[in-house]
Engineer: 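Before we start, here is the structure in question, set down as structure tokens.
Just so it is clear: chains get the letters A, B, ... in the order the sequence lines come, proteins before strands, and each one is counted from 1.
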2 protein chains.
Amino acid sequence: MEPSLAQAAAPDAGRKPGIERLRLLVADDMAATNREILHRMDSDVRLIPELASHLIAAGGKRIRPMLTLGCARLCGYQGDSAVLLAACVEFIHTATLLHDDVVDESDRRRGNPTANVLWGNQASVLVGDFLFTRSFQLMIKTGSLEVLGILCGAAAEIAEGEVLQLVIANDTASSEADYLKVIKAKTAALFAAACRVSAIIAGRPAAEAQALDDYGHNLGIAFQLIDDAMDYAADGATIGKNTGDDFREGKVTLPILLAIARGSETERQFWRRVIENPADQTETDWPQALRYIERHGTIAETLVRARLYGEKAKQALDIFPAGEARAALSEAVDFAIERAL
Amino acid sequence: MEPSLAQAAAPDAGRKPGIERLRLLVADDMAATNREILHRMDSDVRLIPELASHLIAAGGKRIRPMLTLGCARLCGYQGDSAVLLAACVEFIHTATLLHDDVVDESDRRRGNPTANVLWGNQASVLVGDFLFTRSFQLMIKTGSLEVLGILCGAAAEIAEGEVLQLVIANDTASSEADYLKVIKAKTAALFAAACRVSAIIAGRPAAEAQALDDYGHNLGIAFQLIDDAMDYAADGATIGKNTGDDFREGKVTLPILLAIARGSETERQFWRRVIENPADQTETDWPQALRYIERHGTIAETLVRARLYGEKAKQALDIFPAGEARAALSEAVDFAIERAL
């Protein structure tokens with residue numbers, strides 16, 4: 001029999017790891033970041049702050065800006081640029097979400113109706129553009145061309161990854177390599193950049209910048225693997241994302257890729273039918289998909305992989321001295337993974 | 001009787017002014033710019049260059065990069081940054097067009113089916129994002145934070161203007177001031193930035209940078225006024241834009257604003273009906289709109305205003321020494337206006 005999800009993913013789970021340690025560590029800087037975000041998303045065109053605040057105020061975890069601030073703390077940084085960059089990465093992320101929801105035709109996010117439902121696709125596209133440009137203005141304020149290069153590179157990679165995701169959507173023949181490429185681009189690139197730039201503004205050596213990049217990169221992959229697993233497991237009402245969204249959109253994520261690879265010919269026919277033409281799915285397809293996924297234990301396997309990336313992320317921190325910042329960043333990895341359980 | 005369009009707009013028209021003089025002046029740099037554009041829009045994700053080249057190769061006039069290159073010539077600039085910035089402004093413009101066509105649900109541009117028709121809204125949004133990020137990467141390559149600030153400021157203004165345009169769409173009570181705000185933001189800001197940055201990379205004094213900004217700003221307003229006038233006059237097949245597009249979308253541009261202001265109560269009722277609910281327009285509404293617009297001569301008046309802005313643009317060049325570059329930039333203004341006739 002397959003091990004249960006909890007056994008597979010957290011064999012030593014005792015106390016549930018939280019993001020609280022990191023949140024407390026950077027509480028003051030995060031308050032300053034929130035003020036910066038509110039200030040920078042303002043505009044005489046009232047629709048802009050209205051729409052942006054719907055998403056930004058809607059209780060996102062602010063994981064990316066927390067990482068920037070936590071890494072800045074780890075690097076002993078004392079200046080003002082960390083807050084600017086924390087706001088910047090949250091803006092890039094928010095702009096991406098706005099465009100994603102248009103692209104995916106999503107109707108709910110974090111338990112709320114999406115901006116495209118409330119204000120229309122047009123406003124979501126244009127306010128997303130506005131937030132993108134604001135994020136670049138925030139980078140420029142740091143005065144560091146190296147920081148600009150890193151964050152713009154990440155933004156370009158995100159866009160490229162989103163296009164690739166669109167290209168391989170509904171394609172049951174797409175490879176695990178393609179899938180990894182997509183999540184590296186659309187999620188890990190911004191996590192990596194959000195962490196790396198802290199070392200740059202702190203003037204730390206290249207090895208430390210690389211270590212923070214590795215930390216963010218591997219954490220980002222783990223984070224996305226968990227997100228994709230949760231779409232087949234979690235209670236939609238609790239996490240505010242609709243369970244089964246990926247399935248209904250015909251998005252080919254790791255739980256499905258593995259189920260296709262291990263399934264019988266009958267199962268593969270099922271996957272081709274529901275993924276290639278998701279609009280024709282019937283009511284019984286979703287429970288059938290869950291049964292096939294459980295049969296091959298592909299959620300548990302996705303979580304196992306997430307833990308492997310999580311371990312790499314934590315190891316990357318080893319070159320930094322032990323202390324509260326390193327411990328908080330390390331615990332954030334456990335949180336990112338075990339929030340699924 | 002109202003004067004004809006040609007009489008109102010070009011009382012001294014003899015030889016038709018062309019963009020050829022500017023095109024010849026910057027021909028070598030434009031060839032380098034085109035190579036840079038092709039190089040920078042490439043990606044392993046083949047959909048990106050396919051979609052981007054559809055729009056970029058589709059015979060746009062490349063007016064913005066020509067302005068950057070022409071102004072750089074006027075400033076005696078000799079380095080490599082002008083070509084990078086010329087490619088950059090074309091990318092910003094192209095990204096904007098891709099998102100515009102999604103927002104406007106357009107089906108034709110420059111005589112071709114739009115990218116959103118051929119590849120879908122999703123691909124258009126995401127490839128637009130990709131080109132935006134590439135444009136920022138091109139700016140960064142110049143190594144000038146001042147250039148970055150100018151172009152990012154313009155990009156933010158464009159996005160803000162597009163949102164404002166969306167907010168006042170279908171609103172016959174919107175003011176001429178709102179309309180001017182929109183065209184300054186969505187068109188003049190990028191024209192101004194495309195010209196100003198040439199003075200910056202050439203290390204010219206602030207007064208010259210400001211003069212080029214004024215030139216681009218006023219030319220941009222004139223250019224957009226003409227575009228908006230042509231939507232009610234030109235032969236769609238010739239200019240590759242559908243005549244009547246703005247009308248069918250309920251977009252409130254100057255020809256309509258003036259017709260509303262001068263119309264009888266019956267006419268104002270007509271405008272409210274067709275603009276506020278454009279989906280309910282009938283076949284006779286478009287010819288009726290043209291009759292009202294002609295009755296009040298609002299196209300001719302739009303062209304008169306365009307000429308006033310055009311004169312300001314030309315005057316802004318006065319602080320530069322006479323010569324081929326100044327003459328070519330001046331003639332580009334006449335072209336921008338008289339292409340309508």
Side-chain angles (χ1 to χ4, degrees), chain A residues 40 43-48 51 92 95-96 98-100 102-105 119-146 148-149 151-169 181-182 185, chain B residues 40 43-48 51 92 95-96 98-100 102-105 119-146 148-149 151-169 181-182 185:
Chain A
R40 297 282 163 184
S43 164
D44 291 340
V45 183
R46 300 310 304 161
L47 176 58
I48 292 173
L51 194 155
I92 294 177
T96 308
L98 282 172
H99 287 185
D100 265 4
V102 170
V103 167
D104 293 344
E105 297 166 358
W119 288 278
N121 283 342
Q122 296 134 312
S124 290
V125 170
L126 297 176
V127 175
D129 289 348
F130 177 82
L131 294 178
F132 255 132
T133 59
R134 276 281 182 272
S135 78
F136 291 114
Q137 290 180 307
L138 281 160
M139 294 171 211
I140 292 172
K141 278 181 78 80
T142 68
S144 162
L145 286 166
E146 192 176 358
L148 279 156
L151 284 166
C152 281
E157 206 177 334
I158 292 171
E160 209 166 10
E162 300 271 1
V163 179
L164 178 60
Q165 176 170 263
L166 186 67
V167 169
I168 65 173
K181 218 182 207 175
V182 167
Chain B
R40 297 282 163 184
S43 164
D44 291 340
V45 183
R46 300 309 305 160
L47 176 58
I48 292 174
L51 193 156
I92 294 176
T96 308
L98 282 172
H99 287 185
D100 267 4
V102 169
V103 167
D104 294 344
E105 296 166 357
W119 287 278
N121 283 342
Q122 296 134 312
S124 290
V125 169
L126 297 176
V127 175
D129 289 349
F130 177 82
L131 294 178
F132 255 132
T133 59
R134 277 281 183 269
S135 77
F136 291 113
Q137 290 180 306
L138 281 160
M139 294 172 212
I140 293 173
K141 278 182 76 82
T142 68
S144 161
L145 285 167
E146 191 176 358
L148 280 156
L151 284 166
C152 280
E157 207 177 334
I158 292 171
E160 209 166 10
E162 299 271 2
V163 179
L164 178 61
Q165 177 170 261
L166 186 67
V167 169
I168 66 173
K181 219 183 207 175
V182 166

Engineer: Which atoms of B:Val167 come close to chain A, meaning under 4.5 Å heavy atom to heavy atom: side chain ones, backbone ones, both, or neither?
Structural biologist: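 Interface part for B:Val167: side chain.
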
Engineer: Using non-hydrogen atoms only, which part of B:Leu164 is less than 4.5 Å away from chain A: side chain, backbone, both, or neither?
Structural biologist: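 The answer is both parts of B:Leu164.
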
Engineer: Measure the CZ-CE distance between A:Phe136 and B:Met139 for me, rounded to the nearest 0.5 Å.
Structural biologist: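 If we round to the nearest 0.5 Å, A:Phe136:CZ and B:Met139:CE are 8.0 Å apart.
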
Engineer: Does any backbone or side-chain atom of A:Ile140 lie under 4.5 Å from a heavy atom of chain B? Answer side chain, backbone, both or neither.
Structural biologist: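 When you check distances to chain B, atoms from both the backbone and side chain of A:Ile140 fall under 4.5 Å.
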
Engineer: May I ask you to name which of B:Val163, B:Ile158, B:Leu145, B:Val45 has the most heavy-atom pairs under 4.5 Å with chain A?
Structural biologist: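 Going by pairs under 4.5 Å, I would pick B:Val163.
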
Engineer: With rounding to the nearest 0.5 angstrom, report the OG1 to CG distance, A:Thr133 to B:Leu151.
Structural biologist: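 Here the interatomic distance stands at 12.5 Å.
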
Engineer: Heavy-atom distance under 4.5 Å to chain A: side chain of B:Asn121, backbone, both or neither?
Structural biologist: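 Answer is neither: B:Asn121 stays 4.5 Å or more from chain A.
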
Engineer: For the atom pair CG (B:Asp100) and CD (A:Gln122), what is the distance rounded to the nearest 0.5 Å?
Structural biologist: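 It comes to 11.0 Å.
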
Engineer: Taking C-beta and beyond as the side chain, do B:Asp129 and A:His99 meet within less than 4.5 Å on heavy atoms?
Structural biologist: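 Yes, their side chains come closer than 4.5 Å.
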
Engineer: Roughly how far apart are B:Cys152 SG and A:Leu138 CG, rounded to 0.5 Å?
Structural biologist: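 Result: 10.5 Å between the selected atoms.
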
Engineer: Which atoms form the tightest heavy-atom contact between B:Arg134 and A:Ala156, and what is the distance?
Structural biologist: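 Residues B:Arg134 and A:Ala156, closest heavy atoms: NH1-CB, 3.7 Å.
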
Engineer: Shortest non-hydrogen contact from A:Glu160 to B:Asp44?
Structural biologist: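 Between these two residues, the closest heavy atoms are OE2-N, 4.1 Å.
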
